[in-house]
Amino acid sequence: MRATSLMLIGLQAASTALAAPQAPDAVPLDPQQALAQLETLGNATFTDIQEELEVLEKRGGGQPKCTLSRLQIRREWNLLSTWEKKDYIRAVKCLQSKPAKTPSSLVPGAKSRYDDFIATHINQTMTIHWTGNFLSWHRYYTWLYEKALQDECGYQGSQPYWNWGLTAIQGMENSAIFDGSDTSMSGNGAFIPNKPDLILGVSAGLPPVYLPAGTGGGCVTSGPFKNMSVNLGPVSLDLPGGLNEQNPNGPFAYNPRCLKRDLTTAINQMFANASATLSTILQPQNILDFQTTLQGNMPNIGVHGGGHFALGGDPGRDFFVSPGDPAFYLHHGMIDRVWWIWQQLDPQTRTKGASAVAGTNTFLNNPPSADTTIEDYVNAGYAAGSPKKIKELLSTTAGPFCYVYL
Ligand SMILES: *[C@@H]1O[C@H](CO)[C@@H](O)[C@H](O)[C@H]1NC(C)=O
Ligand SMILES: *[C@@H]1O[C@H](CO)[C@@H](O)[C@H](O)[C@H]1NC(C)=O
Ligand SMILES: *[C@@H]1O[C@H](CO)[C@@H](O)[C@H](O)[C@H]1NC(C)=O
Ligand SMILES: *[C@@H]1O[C@H](CO)[C@@H](O)[C@H](O)[C@H]1NC(C)=O
Ligand SMILES: [Cu+2]
């Protein structure tokens with residue numbers, strides 16, 4: 001582990017130099033200690049960026065689009081008030097009740113604005129995962145979703161996130177996000193006994209990864225989304241026993257069914273605990289190493305895979321259709337937060353220039369494709385927004401964005 005020394009951010013025309021957040025010397029193995037250190041580091045990142053914005057604003061002239069008064073603060077689910085949680089849930093349901101913009105000739109199964117986002121994710125899956133644009137694409141996508149909740153459904157707050165290290169300690173079923181109360185993102189699926197292990201990777205021709213089955217497996221029985229209809233997929237749904245399911249009528253067919261979950265705290269603890277999250281932030285020294293660690297060095301599925309597979313179910317364990325579980329966006333809020341903290345440890349090389357991206361344009365470079373560059377465009381199809389260059393998406397307080405995490 002490298003002890004990150006005090007790094008200075010030289011603001012181009014400003015004489016003030018600000019101290020970047022200081023990373024702890026070593027990653028504690030104790031879950032509570034690791035969680036506390038992660039919070040300290042997150043808070044330092046928050047303070048640091050606020051100070052940076054303050055300097056830019058005082059300097060004036062350039063008229064920064066992102067000012068402190070416009071800055072949105074994305075919070076962990078527990079930090080939302082009851083009213084705020086309910087407002088978020090209401091807005092998600094509102095998106096699920098508005099008509100789709102995706103032409104039904106292209107995606108007959110897209111029935112709502114919520115489904116527009118799923119259709120886009122399905123359509124682009126093989127060019128947005130294990131690629132050079134994975135982080136920037138999902139940052140833009142999550143932001144467009146947040147904006148749709150705000151602009152189209154009157155949501156007052158900003159996108160909340162799921163702090164994996166906390167649910168690893170509490171047990172997912174007991175956490176405010178997944179306890180099934182009316183201020184949760186709904187709880188577990190109905191318990192299905194005697195489920196064999198999950199065996200991942202086989203359908204993709206990769207070495208098998210064995211994961212324990214969870215405490216649910218069936219339709220979600222509690223909370224705001226127990227009646228939700230999942231309309232698209234499955235496209236590549238991992239099921240216990242190494243089975244993989246897809247809709248024979250194709251990825252865009254209408255296939256209404258219940259939302260299933262298989263909450264698996266054991267997977268949360270194995271791959272997305274607070275120590276693993278801190279290591280993911282502190283150890284990788286370049287973007288290739290960072291995005292690989294986050295997405296997994298098999299058989300470690302990383303914090304990204306850890307969150308997805310701990311949630312489980314249908315479409316939670318479907319690589320293509322996973323945004324069909326509304327908790328997806330809390331998970332990807334946290335993914336984006338981890339990237340945001342990592343970036344701010346060395347913003348000069350991690351939020352701009354060629355060193356900020358690595359990888360190619362296809363899933364594990366299969367089929368072989370060009371290297372991703374910061375001049376490349378990403379888009380969210382019919383869901384929302386216009387194509388953006390990756391270089392516009394590398395900072396959360398420049399370009400189209402103006403948000404931080406607390
Ligand atoms: C992080 O910031 C929040 C909000 O200001 C505060 O409540 C919390 O105590 C801080 N945590 C640490 C470890 O500094
Ligand atoms: C909602 O769920 C209840 C049972 O939990 C069921 O009786 C009802 O039919 C469902 N409604 C819809 C619209 O799916
Ligand atoms: C935390 O995650 C890391 C990385 O996956 C793993 O090696 C470690 O065993 C986990 N810790 C606990 C307490 O499960
Ligand atoms: C899927 O991607 C192709 C190629 O970019 C595009 O032409 C098509 O409109 C997309 N379909 C959807 C549903 O987004
Ligand atoms: Cu994705």
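What's counted below: heavy atoms across the whole structure, side chains too, no hydrogens, waters or symmetry copies. Ligands are counted one by one from 1 in listed order, and the atoms in each one are counted from 1 as well.
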query: atom 7 (O) of ligand 1: protein heavy atom closer than 4.0 Å?
result: no

field: For Q344, the option from D48, T396, T45 that meets side-chain hydrogen bond (donor to acceptor under 3.5 Å, both in side chains)
entry: D48

For [atom], what is the closest protein heavy atom, and at what distance to 0.1 Å?
atom: atom 13 (C) of ligand 4; value: V107 CG2, 3.4 Å
atom: atom 9 (O) of ligand 1; value: E39 OE2, 4.0 Å
atom: atom 3 (C) of ligand 1; value: N43 ND2, 3.6 Å
atom: atom 4 (C) of ligand 1; value: L406 CD2, 4.0 Å

message: Between W339 and R139 (side chain of the first, backbone of the second, donor and acceptor by atom type, cut-off under 3.5 Å), is there such a pair?
response: no

query: Within the side chain of N133, is there an N or O that forms a donor-acceptor pair under 3.5 Å with the backbone of S136?
result: no

H138 atom NE2 and H129 atom NE2 as seen from the Cu ion (ligand 5), angle to 10 degrees: 100°

query: Checking only N/O/S atoms, does H332 have one that is under 2.8 Å from the Cu ion (ligand 5)?
result: no

Close side-chain approach of F328 and Y141, heavy atoms under 4.5 Å: yes

- line: In ligand 1, the atoms that come under 4.0 Å of a heavy atom of T40 are 13 (C)

query: When you look at H331 and W164, which way does the ring pair (Phe, Tyr, Trp, His ring centres under 6.0 Å) test go after all the steps?
result: CA-CA 8 Å; H331 177 47; W164 315 302; 5.5 Å; yes

task: Report yes if N123 has an N/O atom closer than 3.5 Å to an N/O atom of ligand 4; otherwise report no.
output: yes

field: CA sep, side-chain torsions, deciding dist, call: Y88, Y155, ring pair (Phe, Tyr, Trp, His ring centres under 6.0 Å)
entry: CA-CA 6 Å; Y88 180 78; Y155 175 49; 5.3 Å; yes

- request: Test the R74-Y403 pair against the cation-pi criterion, namely NZ or CZ under 6.0 angstrom from the six-membered ring centroid and within 45° of the ring axis.
  value: yes

